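Note that the structure is a prediction, hence the values are computed from the model and not measured. The chains referred to below are lettered A, B, ... by the order of the sequence lines, with proteins before strands, and numbering in each begins at 1.
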Amino acid sequence: MNPLNPATEAAAATSAAPAPQSNFIRDIVVHDLEINKFGGKVQTRFPPEPNGYLHLGHAKAICLNFGLAAEFGGKTNLRFDDTNPEKEEQEYVDSIIRDVRWLGFDWEDRMFYASDYFDQLYAWAVQLIKADKAYVDDLSAEEIRKTRGTLTEPGQNSPYRHRSVEENLDLFERMRKGEFPNGSRTLRAKIDMASPNLNMRDPVMYRILHAEHHRTGNKWCIYPLYDFAHGQSDSLEKVTHSICTLEFEDHRPLYNWFIEQLGIFPSQQIEFDRLNLTYTLLSKRKLLQLVNEGHVRGWDDPRMPTLSGVRRRGYTPEALRNFCNSIGVSKTNGSIELAMLEHFLREDLNKRVPRVMAVLRPLKLVIDNYPEGQVEEMDAINNPEDASAGTRKVPFSRVLYIERDDFREIPPKQFYRISPGREVRLRYGYFVTCTNVVKDANGEVVEVHCTYDPATRGGNAPDGRKVKSTIHWASAAHAINAEVRVYDNLFLKEDPNDVEEGRDWTSNLNPNSLEVIRDAKLEPSLDKAASGARYQFERLGYFCVDPDTKPGALVFNRTVPLKDTWAKLEKRAA
RNA sequence: UGGGCGGUCGACUAAUGGUAGGUCAAGUGCCUUUGGAGCACUUUGUCUAGGUUCGAAUCCUAGCCGCCCAGCCA
């Protein structure tokens, strides 16, 4: 068997990925190419702030940026937008690098940091001061807020707006030298305090922050804000199409204003809709809160929508890419059903992952007429979707474990599994007919007894008789024990932010998002399963080996259950 | 309320003045040694009202609804 694990992933054949469908950004690129807008070049970038772990929303942005450039022979840079030393950390940089690589993208030698450009940005600020387009303001944060105006009223000019160029130059230089405390002064662009776009009301370009930066250390005590760093960083990297999310639409006029005033390469900002997924929160701030408040075990908790979380859960990069390429890109705010993501996950796993038998909630099945002490090695197919995956042997004996759910003393309508008097097939084993059950003092069934038909070895009856269902099993004497972590949605509501007055989104957390099963019974071929290896537990779902696994103590995560027609029928009947 | 941006099957997304199509979901049937997978079929849609036009999802006008913006966050 060749279970897929992360180590061999890069070498694994990429499943037939749907070609990214047309979208409005691609159309713009095609058009720009036609009119030779950027000399026939396409340059994009993925610009995360290293203040948290990447999540599925970032996967969409990554696929879009790298996909677009690749399609048109361009390049994509990885750039860390690290202009706020108070929130950024090396740990996050490292995780981002790991995650983008894992998703399958390569920025070659083009890994940059906004902090690489601090000297240039400073020089540009000086240039704007000299052009009387920027000034040092002594107003406090509070005062700036008060004089900014409101959505309907214009703001008022700062009393410091008309300082001389010389004084501004001097003050800005002294800000840089560290002569002033945090918050005492800012550098502001001189635009228009009456603009209907609040971003144009003399936005702050630099603030004083006596804080150590994860890369520049204590070199700086003033740091540029996003608006004074992002566009120029794009420009320096000759980014042709600067793709960002919708909330930056209002910033585009400012983005363009700085580029025009500075007379630098005119990168073009294009905004698209953020990814929203049902039953999922995609906000770094809230994910951080989940981690900090201990609602999950960490950024890579398999219930987290972070890339490290879904990786640990058993998602494949291929599934994620196929999903991202299929959901489209637009400007409408919507929410994609989680079922869509899971579809692409199952589609990929189904084709590539070996099948194996595992019993999660064991119930003893005794075959009364099977010879005591006899063991047969049954042939089992590793992957019916892939003949090259071959076969394996699975030991069969008199006492087996079956799934508790596969037995009903009184079978409901349409329940085809084991119940008294009914014949079913044990996968790769024999036909067995349930004869009676043993109950404990509480009346709970603890043992199911049956007889087998020796003529049906392997699972076929020579007389051609059919059976309604096939049951998976594990030989009691040979099964290995494992812990299995079964996950459900982290949130109870489709929209986790949908809360009644006075409550917050954490009240929508699903208290049963994790169920730990400690005594699952697995077929013995799994005893050497390596961390990260993925399997389909037949009839149950896809599972992968968690890194918590220790020698002799296997731990599996349920990646996603198989579609379950019976569960659906049962639910509908209820 | 000022500004910006949106509204196409249940969800997502195409159609760029000329047959409203695809994927997911849902349903029906076939097939099946996984009630898995696969195959076939089916249901449901252009926010509203006017207008332009031979012809409008697309253009115009007026509404309605939703999202974003008042950080020295990004």
Euclidean distance for [atom1], [N] against [M] (whole angstrom):
N     : M     : atom1 : value
B:C12 : B:G6  : C1'   : 15 Å
B:U53 : B:A15 : P     : 27 Å
B:U32 : B:U16 : P     : 44 Å
B:C30 : B:U13 : C1'   : 30 Å
B:G27 : B:G63 : P     : 44 Å
B:A14 : B:G7  : C1'   : 16 Å
B:C59 : B:U52 : C1'   : 8 Å
B:C9  : B:C47 : P     : 7 Å

[X] side chain N/O closer than 4.0 Å to the phosphate oxygens (OP1, OP2) of [N]?
X        : N     : result
A:Thr332 : B:C12 : no
A:Arg201 : B:G71 : no
A:Arg417 : B:G35 : no
A:Thr565 : B:G36 : yes
A:Arg346 : B:C24 : no
A:Arg207 : B:C73 : yes
A:Lys331 : B:G4  : no

Go ahead and name the base partner of [N]; Watson-Crick or wobble counts if both distances stay under 3.5 Å, otherwise write none.
N     : answer
B:A57 : none
B:U42 : B:A26
B:C5  : B:G66
B:U34 : none
B:G21 : B:U13

Rounded to the nearest angstrom, tell me the gap between atom [atom1] in [X] and atom [atom2] in [N].
X        : N     : atom1 : atom2 : value
A:Leu277 : B:C12 : CG    : C1'   : 11 Å
A:Arg26  : B:U16 : CZ    : P     : 15 Å
A:Asp250 : B:A74 : CG    : P     : 17 Å
A:Glu538 : B:G36 : CD    : P     : 13 Å
A:Asn199 : B:G2  : CG    : C1'   : 14 Å
A:Lys563 : B:C39 : NZ    : C1'   : 13 Å
A:Ile28  : B:U16 : CD1   : P     : 17 Å
A:Arg252 : B:C5  : CZ    : P     : 7 Å

Inset, instruction - Go through the side-chain N and O atoms of A:Arg425 and A:Thr470 and say whether any donor and acceptor fall under 3.5 Å apart. - result: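 Yes, side-chain donor-acceptor contact under 3.5 Å.
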If you check every side-chain atom of [X], which of [options] has the closest atom?
X        : options             : result
A:Leu198 : B:G35, B:G2, B:C73  : B:G2
A:Lys87  : B:G35, B:C73, B:A74 : B:C73
A:Arg148 : B:G71, B:A74, B:A37 : B:G71
A:Leu151 : B:U34, B:G2, B:A74  : B:G2

Salt bridge or not between [X] and [Y]? Use side-chain N to carboxylate O under 4.0 Å.
X        : Y        : answer
A:Arg79  : A:Asp116 : no
A:Asp138 : A:Arg163 : yes
A:Lys571 : A:Asp564 : no
A:Arg45  : A:Glu237 : no

[X] near the nucleic acid: base, sugar-phosphate alone, or nothing, with a heavy-atom cut-off under 4.0 Å?
X        : answer
A:Thr150 : base
A:Val329 : sugar-phosphate
A:Thr278 : nothing
A:Leu225 : sugar-phosphate
A:Arg274 : nothing
A:Pro384 : base
A:Arg427 : base
A:Gly334 : sugar-phosphate
A:Lys468 : nothing
A:Ala141 : base
A:Leu246 : nothing
A:His472 : nothing
A:Leu540 : nothing
A:Tyr223 : nothing

Inset, instruction - Without swapping roles, check the side chain of A:Asp82 against the backbone of A:Ser115 for a donor-acceptor pair under 3.5 Å. - result: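 At least one qualifying donor-acceptor pair exists.
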Inset, instruction - Classify the angle between the aromatic ring planes of A:Tyr122 and A:Trp220 as parallel (below 30°), tilted (30 to 60°) or perpendicular (above 60°). - result: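 Rings of A:Tyr122 and A:Trp220: tilted, as their planes differ by 30° to 60°.
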Inset, instruction - Could you check whether the rings of A:Tyr226 and A:His251 sit parallel, tilted or perpendicular, using 30° and 60° as the cut-offs? - result: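 Ring orientation, 0 to 90° scale: perpendicular.
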Can you find a donor-acceptor pair, distance only, under 3.5 Å between [X] side chain and [N] base?
X        : N     : result
A:Gln536 : B:G36 : no
A:Glu385 : B:G36 : yes
A:Asn333 : B:G6  : no

Legend entry - A:Arg274 CZ: over 12 foreign heavy atoms closer than 6.0 Å: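 Open: at most 12 neighbouring heavy atoms sit under 6.0 Å from CZ of A:Arg274.
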Inset, instruction - Check the pair A:Tyr315 / A:Glu342 against side-chain hydrogen bond (donor to acceptor under 3.5 Å, both in side chains), numbers first and verdict last. - result: CA-CA 9 Å; A:Tyr315 277 62; A:Glu342 294 186 334; 4.8 Å; no
Inset, instruction - Assign each of A:Glu249 and A:Glu337 to its nearest nucleotide of RNA chain B by heavy atoms, then name whichever residue's nucleotide is nearer the 5' end. - result: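 Nearest-nucleotide comparison on RNA chain B picks A:Glu249.
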Legend entry - A:Arg539 or A:Ser335, whichever maps to the more 5' nucleotide of RNA chain B: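 Looking at the nearest nucleotide for each, A:Ser335 comes out on the 5' side.
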Inset, instruction - Would you classify B:G51 as syn or anti? Syn applies when the glycosidic angle is within 90° of 0. - result: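 Nucleotide B:G51 adopts anti.
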